[in-house]
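Step one of this worksheet: look at the structure below.
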Amino acid sequence: MSLARRAPTGQSTPYRVYPEQGAPRRRHSEGTMKSKHAGITLISFLIVVLVAGFFAYMAMKLVPAYTEFMGVQKAMGEMAGENNDGKSFEEIRRDLIRKMDYQYVSDGTVQPGDISIGQGAQGTELRVAYDKDIPFVYNIDFLVHFEKSVPITGNIAAPN
């Protein structure tokens, strides 16, 4: 004799009612379908890792160039805050290169010819424009162009 009651005849239900618990319970084998296993295969996982690794390697090559450019920007910001009265263009260029050296900008990155002074929308401006060639893989390189200009104060001495 079983304590479980079945549903009345003519009604099909996957539930059994147990009087001691008062609520219907589903038996494991009643009314369930086989579940399908879902997930990523080994091949697709390797493809995902390969793509992520490619972008990580690309970032490892490009991020140092951008951090170096942030050092150039910081050095130029320091030059913009200084009074450059009576300084020649060569003195300003030398001061900027020294400040970039403090910011860990490598010597080969910004050449003296990449630095110029001219008139801009905000008056006299100090401009730096340079290209950086970053080797990537085999014969593939990244060519990144950086350009920044800041207004400078003071009367710049005429070149000799």
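Any value given below was found using the heavy atoms of this structure, including those in side chains, with hydrogens, waters and symmetry copies removed. These figures come from a predicted structure and were not determined experimentally.
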When rounded to the nearest 0.5 angstrom, what distance separates [atom1] in [X] from [atom2] in [Y]?
| X | Y | atom1 | atom2 | value |
| --- | --- | --- | --- | --- |
| Leu96 | Asn84 | CG | CG | 10.0 Å |
| Ile97 | Gln111 | CD1 | CD | 8.5 Å |
| Phe142 | Lys61 | CZ | NZ | 9.5 Å |
| Gln73 | Lys148 | CD | NZ | 5.0 Å |
| Asp85 | Thr153 | CG | OG1 | 7.5 Å |
| Ile43 | Leu46 | CD1 | CG | 6.0 Å |

Check for me, please, whether [X] and [Y] land in the same ILVMFWY cluster - side-chain distances under 4.5 Å, paths through other members count.
| X | Y | answer |
| --- | --- | --- |
| Met60 | Val137 | yes |
| Leu62 | Met70 | no |
| Val49 | Phe55 | no |
| Ile140 | Tyr57 | yes |

> Thinking salt bridges, do Glu78 and Arg98 make one under a 4.0 Å N-O criterion?
Replying inline: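 No, no charged N to carboxylate O under 4.0 Å.
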Do [X] and [Y] come close enough that some side-chain heavy atom pair is under 4.5 Å?
| X | Y | answer |
| --- | --- | --- |
| Val128 | Glu147 | no |
| Glu82 | Lys99 | yes |
| Thr109 | Phe69 | no |

Nearest heavy-atom neighbours spanning [X] and [Y]:
| X | Y | answer |
| --- | --- | --- |
| Pro64 | Ala59 | CD-O, 4.3 Å |
| Leu126 | Met79 | CD2-CB, 4.1 Å |
| Ile134 | Ala65 | CD1-CB, 3.6 Å |
| Ala80 | Pro151 | CB-O, 3.3 Å |
| Glu91 | Lys87 | OE1-CA, 3.1 Å |

> Under 6.0 Å from the OH atom of Tyr102, do we count more than 12 heavy atoms belonging to anything else shown?
Replying inline: no
>> Can you pull out every salt bridge (Lys or Arg N to Asp or Glu O under 4.0 Å) where at least one residue sits in residues 132-144? Sequence neighbours excluded, please.
In response: Glu68-Lys132
> Quick one: salt bridge (Lys or Arg N to Asp or Glu O under 4.0 Å) pairs with a partner in residues 112-127, sequence neighbours left out?
Replying inline: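 Sorted pair list: Glu125-Arg127.
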> Stepwise, does the side chain to side chain contact (heavy atoms under 4.5 Å, CB included) test hold for Val72 with Tyr130?
Replying inline: CA-CA 11 Å; Val72 170; Tyr130 66 96; 3.9 Å; yes
> Which residue pairs satisfy the side-chain hydrogen bond (donor to acceptor under 3.5 Å, both in side chains) criterion with at least one member in residues 41-53, sequence neighbours excluded?
Replying inline: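 Listed by first then second residue: Thr41-Ser44.
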>> side chain to side chain contact (heavy atoms under 4.5 Å, CB included), that's the test. Do Gln103 and Met76 meet it? Break it down for me.
In response: CA-CA 11 Å; Gln103 298 297 326; Met76 290 181 72; over 6 Å; no
> How are the rings of Phe136 and Phe54 set to each other: parallel, tilted or perpendicular (split at 30° and 60°)?
Replying inline: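 Phe136 vs Phe54 ring planes: perpendicular.
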>> Using side chain to side chain contact (heavy atoms under 4.5 Å, CB included), reason through Tyr104 and Thr67 one step at a time and then give a plain yes or no.
In response: CA-CA 10 Å; Tyr104 300 108; Thr67 57; over 6 Å; no
